[in-house]
Amino acid sequence: MGNFIRLMKYVARYWYLFALGLGLIVIYRYLMVVPGLATRRVLNALTPPFDPDEVFRILPRAALTIIGASILSSVVNFVQMYLQSYVSQKTIYNLRNDLFNALIQKSFSFYDRSRVGDIVSRVTSDVDRVRRMTSFWINQMISIVAGFVIWIGVLLSINPWMTILCLLPAPFVFLITNRYRKLSRPIFAEQRRVFAEMNIFLQQNIVGTRVVRIFGQEKREKKRFTGINRRYFDLQLEMAKIRALYPGLNTLIMGVVTALIYWLGGRLIIVTHGTPMEFKWGDLMIFVQGMSSLMAPLRFLSFIVGSYTEAMAAAARIFEILDTEPEVKDKPDAVPLPPVKGEVVFENVTFGYDPDRPVLKNINLRVRPGETVAILGPTGSGKSTLLYLIPRFYDVTSGRILIDGYDIRDVKLKSLREQIGIALQDIYIFSATIRENIAYGKPDATMEEIVAAAKAAQIHDFIMSLPDGYDTVVGERGITLSGGQKQRITIARTLLKDPRILIFDDTTSFVDTETEYKIQKALEALLKGRTAFIVTQRLSAIKNADKIVVLKDGEIVECGTHEELLAKDGIYATIYRTQFAPREEILARRMGGGE
Amino acid sequence: MGWHGGPPPGRGPGWRHDRFTRREEEKLERKVSDIVLLRRLMTYLAPYKRRVIALTSLMIGAAIMSLVTPLMTKIVLDRFIPAGIEAGKTSVLNIWLLAMVALLLAQFGLSYGRQYLIAWVGNKTIYQLREEMVSQIQEMSIRYFAEGETGRIMSRVTNDAEQLSYFLGSGLVSVVSDTIAVVGALLLMFTLSLQLTLLSFAVIPVMFLVPFFMRRRIRKAWRQTRVKIAGMTSVLQETVSGMKVVQAFTRESRDMETFNAVNLETVRARLRATLMAGLFRIGVGLAQVVGTVALLWYSAIQIVNGTVTFGTFVAFQTLLMNFFRPLMTIANFYNDFQSAMAGAERVFELLDTEREVEEAPEGELVELGEVRGEIVYDHVTFGYDPRTPVLRDINLVIRPKEKVALVGPTGAGKTTMINLLCRFYDPQEGSITLDGYDLRKISLRSLRKQMGIVLQDPFLFQGTIKENIKYGRPEATDEEVIEAAKAVNAHEFIMKLPQGYETVVREGATNLSVGQRQLITFARALLVDPKILILDEATSSVDPYTELIIQKGLERLLKDRTAIIIAHRLSTVRNADKIVVIDNGRIVEMGRHEELLEKGGLYTRLYMRQFRDLEEPEELTARQRGAGEPAQRPSMGRRPRGAGPGALRGKMMELRRLIKEREAEGHDVREFKELSRSIFAALRRGDVNSASRKLDEAIERLRNLSNKPQT
């Protein structure tokens with residue numbers, strides 16, 4: 001109920017339109033009955049033995065009433081529908097904006113936990129479910145109630161026994177529909193699940209076809225598929241049975257009741273024939289019409305009830321996003337970080353995504369302005385995590401990080417991140433032109449700046465070879481770039497931002513040897529005077545760093561320059577030898593080749 | 001690899017839109033005629049002939065029933081009630097009621113049976129088609145499995161088949177019954193009242209056709225709305241996927257504006273569509289009310305004149321509905337038919353793809369038992385397109401338990417060598433033998449039983465780690481699984497996982513690192529204990545640390561079997577018994593690591609390239625570059641130094657050393673001194689490629705110089 005009220009608060013901003021819409025529904029419902037009543041008069045006049053004069057006296061007036069009421073009701077309906085749509089659209093517009101605003105402030109940890117598809121579906125499908133409820137549910141309820149009251153009133157004034165007969169199928173229709181919905185829902189859900197399973201099976205067997213064939217598992221896989229396929233077939237049949245049975249039962253019941261109306265009405269006509277209380281043909285026909293008008297919304301009713309539960313579940317998912325506070329946010333008394341020189345200090349920093357399982361343990365590291373720090377270590381040793389702490393994508397569990405002496409938690413996030421350029425490991429290219437992608441962090445950059453950044457990232461020549469140059473659209477809707485090209489655009493994007501502190505998180509893994517070398521050369525000049533953190537798998541890129549940090553299981557195990565670490569003969573030295581020893585061997589061989 | 005390819009089962013509006021446009025496009029590309037497709041589809045219905053006949057009769061029955069109900073109404077109004085009034089008793093109505101209820105029950109039965117059979121026939125056919133498609137996928141030539149094709153193949157099995165199911169189940173048969181219903185209603189209307197029928201046809205087109213045509217414009221408005229929603233979804237999807245970048249570049253407020261704009265657009269589009277729909281309703285309402293009033297008016301006159309009975313008037317209204325509703329379905333049939341045929345064409349296209357190699361005929365087929373593992377390529381020539389051979393005249397003998405490494409630039413034909421050995425293809429010329437048997441004579445099953453394969457992209461199936469290790473030998477015991485895992489160094493990390501061997505490999509195996517996944521595939525291969533093991537770039541996607549770990553597992557895996565190894569990282573192949581260097585489809589060098597290094601040919605150059613500070617020889621770079629990527633002119637006018645050009649510096653030093661040495665030996669080295677200066681100049685220009693080549697040349701010549709007798 002809390003969620004319902006909260007949703008209604010969104011609607012309440014447009015309460016006057018909403019209320020007007022509800023009022024119009026009642027009017028519309030009444031106008032809908034008028035043509036039936038006019039027809040009744042004509043048909044009553046036609047009940048034999050009829051008086052032709054009276055028929056022709058009634059006919060024009062009835063015709064005018066019918067036409068007038070229909071026009072009026074169409075217009076009222078139109079206005080009402082539009083209002084309803086307007087209110088619900090405005091409501092979800094606000095809701096979506098609020099959601100997006102909440103999303104954009106969420107911390108990295110939120111995105112680590114959630115799946116993109118899930119988030120997107122909350123903003124699209126769940127919001128749509130809520131829309132259906134706010135626009136459909138309430139209006140439909142009012143409409144059904146108003147329709148019921150008006151029709152019952154009209155019918156009662158004609159004949160109470162016939163009215164009771166008309167209402168007779170109501171509980172059955174409602175119960176049958178409800179049962180239908182309840183039975184079909186789990187089957188439908190199961191169908192979707194099996195269908196998804198079929199998709200996964202296909203994907204795996206297509207992508208992994210060589211493995212399947214070499215391991216000779218075709219028969220087993222086929223059997224597995226037949227299982228899924230069979231299950232899907234059975235579910236479809238089960239669904240078909242339910243689909244054929246329940247709506248069919250409703251049709252049957254309503255058919256039988258219609259027959260009963262003719263039967264009872266016929267009896268009334270016969271019995272009252274010639275009496276002053278005569279039951280006429282028009283009376284009979286309006287009960288036929290009235291019964292179906294009363295029953296039709298009942299078929300919806302069950303689905304409306306269902307949509308309420310569905311919408312409340314959707315609302316809960318939406319509010320969950322709105323309500324979780326971002327973990328990293330500005331302190332109330334945060335100050336803007338003044339332009340920095342670029343000193344970065346880690347003081348006893350411990351961090352874990354899950355506080356019980358620290359990923360980084362007691363990190364102490366002092367980086368002077370302008371130094372280049374290379375970080376290496378095995379997968380999962382905490383390299384990326386270490387870097388992500390600097391722009392405060394996560395907050396440390398204990399200890400602190402200082403930039404130019406400021407604890408980064410005491411400064412405004414925006415001012416902090418604006419001074420840090422980070423090329424992330426997840427390369428992300430937006431569906432836009434290359435120019436926009438490079439200028440992503442600095443939308444007002446000049447073309448010269450963009451080209452300079454692209455040149456430094458060794459992507460300029462490639463861009464120029466494209467038909468539209470920098471205006472070529474890339475990403476989902478444009479041309480597909482290779483991993484290396486994407487990485488180079490990412491680098492250009494980071495360089496263009498021109499920050500004092502630069503972070504490169506394994507950003508050249510897809511770039512070929514030669515290009516990487518060139519990028520490194522370009523970076524050498526650009527890094528001058530900036531503080532830089534570099535994670536890479538390639539030792540040769542590391543050798544020149546002012547400081548090499550070797551991480552293992554979240555701890556700094558070695559730290560020093562290339563020469564210092566070689567002298568230490570630890571992990572770094574081992575790795576260095578495994579990668580470079582063979583080359584030394586070649587050279588040695590070459591040198592000795594003459595003998 | 002396209003792990004996330006294919007349409008998701010949860011269908012976002014964007015996906016629906018994409019699918020729609022795709023359908024539209026493919027509809028235009030139809031190649032096979034409808035008749036041919038329809039005939040072939042009919043063969044799928046043939047096994048269920050009796051059910052199809054039953055279904056057709058049920059539908060015809062239902063169509064006829066739909067005519068009887070209005071007649072019954074007419075009878076009660078025109079016959080029974082007046083008769084009752086005349087006789088002054090009500091009991092006559094009881095008979096009618098009983099008949100009516102019986103009729104309704106029959107109708108219920110018919111409709112139930114019809115719907116059930118529709119679902120049965122449609123889904124059974126699709127069940128069958130899907131079974132065939134999956135068998136085909138398992139046996140079709142692997143050339144169809146290019147990257148990016150996954151989604152397309154999948155959608156044939158899922159979406160296209162689904163669409164056919166509706167068509168085969170209801171679409172096709174209902175056309176027959178709908179036609180009967182329409183003709184029947186028309187005949188009945190004429191019999192009941194010629195005047196009312198004629199009036200109806202004057203008025204009714206307004207009532208039904210106006211909305212029928214107006215609906216198109218409404219549809220367009222709704223389509224617009226869907227496009228806008230799809231647009232909003234894609235903005236959202238993109239921002240959420242790239243949120244880390246958004247935040248890293250502090251773009252929050254700008255992106256909020258973008259989203260706000262698309263959000264507003266969807267609202268506007270939707271309201272516009274609502275407006276259109278509202279106007280449409282008014283139009284329909286007016287048309288209908290005019291029709292209803294005209295019919296009422298005219299009927300009243302006819303009733304007064306006695307030419308039409310009251311019952312006919314009531315029955316007529318139902319009949320009109322029974323006439324037009326199926327008519328609309330028939331009108332839409334062509335569209336449904338077209339898209340079903342397009343789907344059928346794609347389904348059959350899949351079923352008709354070329355299969356991989358054929359088994360030898362019964363008498364010649366060899367079932368291999370335990371093999372020694374001797375492989376011989378004898379003058380093998382092969383091309384995926386026979387006109388452009390990828391392998392030319394390959395001759396190679398691999399002895400049992402030999403470790404052979406295949407090395408060469410991308411596109412040289414290494415993977416093709418393996419594809420032939422696994423018999424995914426047959427060579428066009430020459431033959432490959434295993435233990436002396438021509439591969440073409442060996443049954444595929446017994447051939448592949450001998451092989452284990454480890455691919456670059458460690459491919460795991462959905463399921464637990466244990467199930468994955470057991471993949472090739474489902475009957476293996478837990479002990480054997482653990483033993484295999486221990487042997488390849490996987491046991492330790494598996495035990496560290498929360499559920500150990502029962503840990504479920506997540507979609508895309510995101511809960512395991514590449515190295516861990518690779519170790520699992522090692523264990524999987526080891527458990528099968530194949531006589532021949534193929535490693536296709538098995539260590540390329542692994543970082544140097546992980547490689548150190550994997551290396552041990554690899555050694556264990558390779559023990560005691562014939563192994564063929566493709567590797568980019570040449571450090572992996574150094575210990576091979578034989579290194580085969582392939583370039584451009586030919587074997588250009590062969591020998592042990594040391595021998596090949598002596599030679600100083602392609603292998604040496606490839607080997608040198610491993611080290612990032614070495615430049616690639618120009619010929620290689622040219623081939624490696626994509627067509628779209630022009631030669632990059634180095635923009636740095638600085639002398640390379642430090643780690644990058646370390647090897648070049650090494651070479652320079654060696655050059656100088658050699659020059660001094662030869663000078664000391666009394667050779668004329670002026671030319672080399674000159675060369676050394678020009679190389680230095682080239683390096684300053686940043687022209688590292690040519691510098692490197694000249695260096696190699698110079699060093700080579702200086703070395704040769706020392707072998708020549710002094711003059």
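On a predicted model such as this, the values are computed, not experimentally measured, just so you know. In the text below, chain A, chain B and the rest are named by the order of the sequence lines, each starting its count at 1.
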Which region of [X], side chain (C-beta onward) or backbone (N, CA, C, O), has a non-hydrogen atom less than 4.5 Å from a non-hydrogen atom of chain A, or is it both or neither?
X	value
Arg114(B)	neither
Val267(B)	both
Thr69(B)	neither
Val76(B)	side chain
Glu139(B)	backbone

*Please determine, by modelled atom types, if Asn260(B) and Tyr93(A) share a side-chain donor-acceptor pair under 3.5 angstrom.*
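A pair is found: one side chain offers a donor N or O, the other an acceptor, under 3.5 Å apart.
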*Verify, without hydrogens or angle tests, whether Gln217(A) (side chain) and Gly472(B) (backbone) share a donor-acceptor contact under 3.5 angstrom.*
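Side chain of Gln217(A) to backbone of Gly472(B): a pair is present.
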_Does Tyr86(A) have more than 12 heavy atoms from other residues, nucleotides or ligands lying within 6.0 Å of its OH?_
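Check fails, neighbour count at 12 or below.
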Flag side-chain contact, heavy atom, 4.5 Å: [X] against [Y]:
X	Y	answer
Met72(B)	Tyr262(A)	no
Leu284(A)	Leu43(A)	no
Phe430(A)	Arg493(A)	yes

*Aromatic rings Tyr471(B) and Phe215(A): how do their planes relate, parallel, tilted or perpendicular, breaks at 30° and 60°?*
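Tyr471(B) and Phe215(A): perpendicular rings.
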*Quick one: sort the Phe233(A) and Trp120(B) rings into parallel, tilted or perpendicular, breaks at 30° and 60°.*
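Perpendicular, since the angle between the ring planes exceeds 60°.
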Please look at [X] and chain B and tell me whether the side chain, the backbone, both or neither of the residue comes under 4.5 angstrom of a heavy atom of that chain.
X	value
Arg220(A)	side chain
Met285(A)	side chain
Thr209(A)	side chain
Val55(A)	side chain
Thr494(A)	both

_Among the listed options Glu221(A), Met81(A), Glu418(A), Lys497(A), the residue most often paired with chain B at heavy-atom distances under 4.5 Å_ =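 Ranked by contacts with chain B, first place is Glu221(A).
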*Look at Gly255(A), Ala240(A), Ala45(A) and state which one has the largest set of heavy-atom pairs under 4.5 Å with chain B.*
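The candidate making the most pairs under 4.5 Å is Gly255(A).
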*asked:* As an exercise: rank Leu286(B), Leu236(B), Ile534(B) by heavy-atom pairs under 4.5 Å with chain A and give me the winner.
replied: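 So the answer, after comparing Leu286(B), Leu236(B), Ile534(B), is Leu236(B).
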_Let's test your reading of the structure: which of Val314(B), Val293(B), Leu271(B) forms the most heavy-atom pairs below 4.5 Å with chain A?_
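The answer is Leu271(B).
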*asked:* Using a strict threshold of under 4.0 Å (side-chain N to carboxylate O), is an ion pair present between Glu218(A) and Arg445(B)?
replied: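 Salt bridge absent between Arg445(B) and Glu218(A).
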